Amino acid sequence: MSEHPKYLWWNGEPVAWADATVHVSDIAWSATGAVFEGIRAYWNEEQEELYVFRLHEHMQRLKDSSKMVRLPIDVTVDDLIEITVELLRRNGSREDTYIFPLVYFGGARTGRSDPAKLRGDLLITTDPRPSHLGTGVKQRAKMSSWTRISDNVMPPRVKNISNYRNGQLATYEVKLDGYDVALLLGPDGKVSEAPGACVMFVKNDQLITPDPASGILESITRDSIMTLAREDLGMPVIERRVDRTELYTADEIFLCGTMAEITPIVEIDRFQMGDGGIGPVTSELERLFTEAVRGNEPKRESWRTAVEASA
Ligand code: PMP
């Protein structure tokens, strides 16, 4: 298997991998202002079809991010959907795939501080990325000593590349301390999220998660899980401020996000969750989520874009 896809999308056309080069002086400052998305597509072996998960919502969020950092792109959400599907077809993607659209201020070593001149260049890459749903993966978490960025500092709502330094610092800290994953508190001392994933917990048959003003990215997976819990499990879902110590006595905790999918957390700050295994609500949500993303649940068809991989 080749180590890279044949094509990527770059500024209006498919470009062969080897031809997609920029001058070295374009990196650095242009990267700090770049916004991006992370999207998964799931391969359904039986149907020989690739389904992109909630592509419309991801591309809308890309447009929102680019608007918030004043780096406009002159393509619509519908264009972005079409471009992505066409790229996946061109690359012959027939396996679980990660799609990475990036909007950056390219080709200019000056002018980045003049908002009138800002215009985003668009790059989309696709790479094989297996899912870990159903593999039984479990993680041990630790509350990081770093604080989550906040809306009037570096807005977490924007998927800006620079924001991710915050999560990296937290991840490096807790990994060096022997844990798998970090959690972060916001400046108000309330639970915010993990680097790159939202946090949810089960207590007294309710699903609870920090609200959108808790310094989180408004996660599309989080929205999907809340819908599955409400509509398929008939479970009350509550979005509110969350104290750190609430997590210590939760029945179940998991992370959710495009990369994290559903990742059960079995220990936080050396407090064990339940019996240390994957809880029943987490398992059931993981099952429902898997059916939805893989294209086995007709009820969730509106969440999927079929690539028509076999056409
Ligand atoms: N928080 C952050 C900081 C993230 O980068 C991500 C991944 N995009 C998430 C949460 C989860 O969001 P989503 O479910 O939309 O991928």
Side-chain angles (χ1 to χ4, degrees), residues 34-42 52-66 68-69 77 80 84 96-103 124-125 127 129 131-133 139 141 144 146-151 153-172 174 181-186 190-201 207 209-229 237 239 242 253-263 265 285-286 288-290 292-293 300 303-305:
V35 296
F36 74 106
E37 269 305 314
I39 309 166
R40 275 195 196 254
Y42 290 87
V52 188
F53 188 60
R54 303 197 70 175
L55 182 54
H56 187 278
E57 290 84 348
H58 278 285
M59 290 312 191
Q60 183 61 57
R61 193 170 65 187
L62 183 70
K63 292 279 288 184
D64 291 347
S65 287
S66 90
M68 284 184 277
V69 298
V77 170
L80 289 164
T84 304
D96 291 352
T97 300
Y98 184 70
I99 303 151
F100 178 71
L102 180 78
V103 176
I124 306 179
T125 56
D127 281 290
R129 189 71 50 95
S131 161
H132 64 248
L133 286 167
Q139 291 195 327
S144 169
W146 293 96
T147 299
R148 180 76 181 132
I149 50 174
S150 59
D151 198 48
V153 179
M154 291 279 280
R157 183 168 286 102
V158 184
K159 259 186 93 70
N160 194 317
I161 291 276
S162 314
N163 288 4
Y164 287 78
R165 198 56 163 159
N166 179 235
Q168 278 174 357
L169 291 171
T171 300
Y172 299 157
V174 307
V181 69
L183 293 176
L184 287 128
L185 301 175
K190 304 296 178 190
V191 176
S192 178
E193 61 178 0
C198 287
V199 56
M200 294 195 165
F201 67 100
L207 188 66
T209 188
D211 63 88
S214 295
I216 66 166
L217 179 78
E218 283 163 295
S219 152
I220 293 160
T221 317
R222 173 183 175 277
D223 177 76
S224 312
I225 303 289
M226 291 196 299
T227 304
L228 294 174
V237 178
E239 299 173 74
V242 171
I253 304 190
F254 60 89
L255 302 182
C256 68
T258 298
M259 281 304 243
E261 302 179 297
I262 293 181
T263 301
I265 299 297
L285 285 170
E286 186 173 348
L288 291 166
F289 185 71
T290 305
V293 299
R300 302 296 168 199
W303 284 354
R304 301 184 291 263
T305 302

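Indexing begins at 1, ligand by ligand and atom by atom, following the structure's order. Keep in mind that this is a model prediction, so the values were computed, not measured.
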(Q) Please confirm whether Arg61 approaches ligand 1 to less than 4.0 Å, judged on its heavy atoms. (A) yes
(Q) If the contact criterion is a heavy-atom separation under 4.0 Å, does Glu261 count as touching ligand 1? (A) no
Q: Salt-bridge test for Glu239 and Arg222: reply yes if a basic N is under 4.0 Å from a carboxylate O, no otherwise.
A: yes
Q. Which one of Ile220, Asn163, Val199 has a non-hydrogen atom at the shortest distance from atom 15 (O) of ligand 1?
A. Ile220
Q) Counting both backbone and side chain atoms, is some N or O of Thr221 under 3.5 Å from an N or O of ligand 1? A) yes
Q) Is Arg222 in polar range of ligand 1, meaning some N or O pair under 3.5 Å apart? A) no
Where is the tightest heavy-atom contact between [X] and [Y], given as atom of each residue plus distance?
X: Leu62; Y: Val35; answer: CD1-O, 4.1 Å
X: Ile216; Y: Pro210; answer: CD1-O, 3.9 Å
X: Pro156; Y: Gly215; answer: CB-O, 3.4 Å
X: Val237; Y: Ala229; answer: CG2-CB, 3.8 Å

Against heavy atoms of [X], which atoms of ligand 1 measure under 4.0 Å?
X: Ala197; answer: 1 (N), 2 (C), 9 (C), 10 (C)
X: Arg148; answer: 3 (C)
X: Gly257; answer: 11 (C), 14 (O), 16 (O)

(Q) Can you confirm whether Ser224 sits close enough to Phe53 that some side-chain heavy atom of one is under 4.5 Å from a side-chain heavy atom of the other? (A) yes
Q: Taking the side chain as every heavy atom from C-beta outward, state whether Pro212 and Glu218 have any atom pair closer than 4.5 Å.
A: yes
[atom]: the protein heavy-atom neighbour that sits closest, reported with distance to 0.1 Å:
atom: atom 5 (O) of ligand 1; value: Tyr164 OH, 2.5 Å
atom: atom 3 (C) of ligand 1; value: Glu193 OE2, 3.3 Å
atom: atom 8 (N) of ligand 1; value: Lys159 NZ, 2.7 Å
atom: atom 16 (O) of ligand 1; value: Thr258 OG1, 2.5 Å
atom: atom 2 (C) of ligand 1; value: Gly196 CA, 3.5 Å

Q) Residues two or more places apart in sequence or in another chain: which of them pass side chain to side chain contact (heavy atoms under 4.5 Å, CB included) with Thr227? A) Asp223, Glu231, Arg300, Trp303
**Q.** side chain to side chain contact (heavy atoms under 4.5 Å, CB included) partners for Tyr164, two or more places apart
**A.** Phe36, Lys159
